[in-house]
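Here the structure is laid out as structure tokens; the discussion comes afterwards.
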Protein chains: 2
Amino acid sequence: MRLGELSEATGVSPASIKFYLRSGLLAAGDPIHPTRADYGDRHVRRLALIQGLRSVVGLGLDDIRRILDAAIGADDSPAQRLMLLRTVQHVVLGLDGSPAEPSPSVDGLVQAMGWPGDPSEARFAVDRHVAAMEAAGIAPGADVLAAYGRAADAIAEAQLTVTHARDDLEDVILTAAIGMHMHNQLILKIVALAQASHSIRRYGGPPRDDG
Amino acid sequence: MRLGELSEATGVSPASIKFYLRSGLLAAGDPIHPTRADYGDRHVRRLALIQGLRSVVGLGLDDIRRILDAAIGADDSPAQRLMLLRTVQHVVLGLDGSPAEPSPSVDGLVQAMGWPGDPSEARFAVDRHVAAMEAAGIAPGADVLAAYGRAADAIAEAQLTVTHARDDLEDVILTAAIGMHMHNQLILKIVALAQASHSIRRYGGPPRDDG
DNA sequence: CAGGCTGGATAGTGCAACTATCCTATGAGC
DNA sequence: GCTCATAGGATAGTTGCACTATCCAGCCTG
């Protein structure tokens with residue numbers, strides 16, 4: 001299909017498609033004439049991925065590009081899929097990979113959950129984050145961490161299962177990134193629900209607008 | 001203190017302070033002369049709040065203004081604090097308050113956690129979110145929801161306790177918003193950690209860069 | 001009374017993500 | 001062969017947000 005048709009098929013304006021082509025987010029179509037290129041299904045999927053990462057997950061084009069770059073040349077093997085998953089996490093969480101001081105409470109969490117204790121980028125990120133929360137005076141208690149651990153274990157399992165059920169890498173990325181985001185928002189909303197419940201317990205009623 | 005001193009005290013440029021004054025995010029100082037105003041501690045705290053909500057939580061100035069508006073006229077009573085907390089959740093989560101179809105899995109969660117079953121904005125938000133996830137083919141299972149519920153309960157309790165220990169409303173807001181954000185990021189990172197662990201279990205090793 | 005700082009208004013900057021315009025080269029129709 | 005609409009490519013302009021810089025008048029100090 002031609003650019004105009006690709007635009008109609010995806011709902012993305014021709015100008016934006018051109019912009020993505022220029023930006024290197026979308027591969028050029030197969031040139032069938034000097035002034036004509038042919039776009040296919042992969043372009044449609046790629047555009048859907050870009051749109052999803054932008055509008056749902058809220059990533060910037062630079063971050064999207066980093067994820068896309070990781071997908072280039074990757075095959076469908078489990079190892080490559082995990083690699084891709086890791087890149088998505090890396091970008092979405094803004095991990096930087098530099099080592100951090102292990103936190104005792106995180107040690108406790110890892111042991112309680114039976115997770116491997118190897119230092120890793122994710123572990124560093126958790127350690128750093130817990131340290132930041134402690135510095136802010138809002139350190140998570142052992143019970144909170146334990147609850148997070150169980151929740152995280154359940155998400156991780158579900159995410160891996162869903163992710164590996166996907167056929168193509170665009171789907172893998174989209175499922176992983178949107179899954180992370182959606183689970184995250186879900187937890188926030190459940191916390192809001194829990195807080196409403198707790199405030200009822202403490203004060204006999206929810207906070208109300210109308211006095 | 002004068003504008004220049006307020007700037008030095010907070011690290012916010014005079015131009016930005018003027019901008020916040022114009023935007024209505026920061027109350028004008030007490031005019032001591034036609035061309036001189038006096039700023040006090042409340043301006044320092046307000047600026048710290050604005051900075052925190054912007055740089056840590058990532059809110060836009062419109063959202064910050066909505067939270068600030070809710071704080072105006074509020075007193076230190078538990079009810080007002082809860083009201084404020086609710087506004088913060090409202091803004092940070094983008095809740096809209098319109099009713100949603102109750103989801104059976106959320107019903108199950110609420111009953112399992114012993115939370116009050118009253119319909120509420122938070123409940124609607126959770127119902128809508130679960131529906132969206134189901135539509136996206138990434139519906140959370142009962143085990144995942146149960147784990148979230150326990151985690152949320154722990155956060156809510158901790159958050160309420162920490163929040164109510166704060167003295168002034170600026171602190172209440174900042175603690176609530178930054179707490180939400182930090183806990184949220186923490187969960188994401190713990191999920192990343194859990195995922196690394198699961199991938200080791202499944203495939204005998206973490207995904208690696210170096211092959 | 002001059003200079004500098006204050007506060008207030010207005011306009012400009014930088015970034016991100018588009019969006020509109022222009023240009024060139026076909027390729028279809030006559 | 002010639003014209004003209006259109007695709008594709010390059011360039012510049014727009015929008016929204018969050019500042020930032022400039023300008024101006026007042027007035028307090030020295």
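The sequence lines fix the lettering, A, B, ..., with proteins before strands; numbering per chain opens at 1. Values below: all heavy atoms of this structure, side chains included; hydrogens, waters and symmetry mates excluded.
- At whole-Å resolution of the value, CG in B:D38 and C1' in C:dT6 are 13 Å apart.
- Residues passing the side-chain hydrogen bond (donor to acceptor under 3.5 Å, both in side chains) test with A:Q80, sequence neighbours excluded: none.
- A donor-acceptor pair is defined here as one N or O able to donate and one able to accept, closer than 3.5 Å; no such pair exists between the side chain of B:H43 and the backbone of B:L26.
- Closest-nucleotide positions on DNA chain C for A:I32 and A:R54 were compared, and the one nearer the 5' end corresponds to A:R54.
- Between A:L47 and A:V44, every side-chain heavy-atom pair lies at or beyond the 4.5 Å cut-off.
- Regarding A:E5, its CD atom lies at a distance of 14 Å from the P atom of D:dT6, rounded to whole Å.
- Look at A:D153 and A:R150 and you find no salt bridge, because none of the NZ, NE, NH1 or NH2 atoms lies under 4.0 Å from a carboxylate O.
- Atom CZ of A:R2 and atom P of D:dG9 are 13 Å apart (whole Å).
- To the nearest 0.5 angstrom, A:R2 atom CZ is 5.0 Å from A:R36 atom CZ.
- Between the C1' atom of D:dT20 and the CG atom of B:L3 lies a distance of 14 Å, rounded to the nearest Å.
- Across all strands, A:G29 comes closer than 4.0 Å to no nucleic acid atom at all (heavy-atom distances).
- Between the CG atom of B:L53 and the C1' atom of D:dC17 there is a distance of 17 Å, rounded to whole Å.
- A straight line from CG of A:L6 to P of D:dG9 spans 13 Å, rounded to a whole angstrom.
- For the pair B:R36 CZ and C:dG4 P, the computed distance is 15 Å after rounding to whole Å.
- The nearest whole Å value for the distance from the CZ atom in B:R65 to the P atom in D:dA18 is 9 Å.
- Annotation: proximity of residues 12-25 of chain B to DNA chain C (heavy atom, distance under 4.0 Å) is found for B:K18, B:R22, numbered in ascending order.
- By the salt bridge (Lys or Arg N to Asp or Glu O under 4.0 Å) test, A:D38 pairs with no residue at all, sequence neighbours left out.
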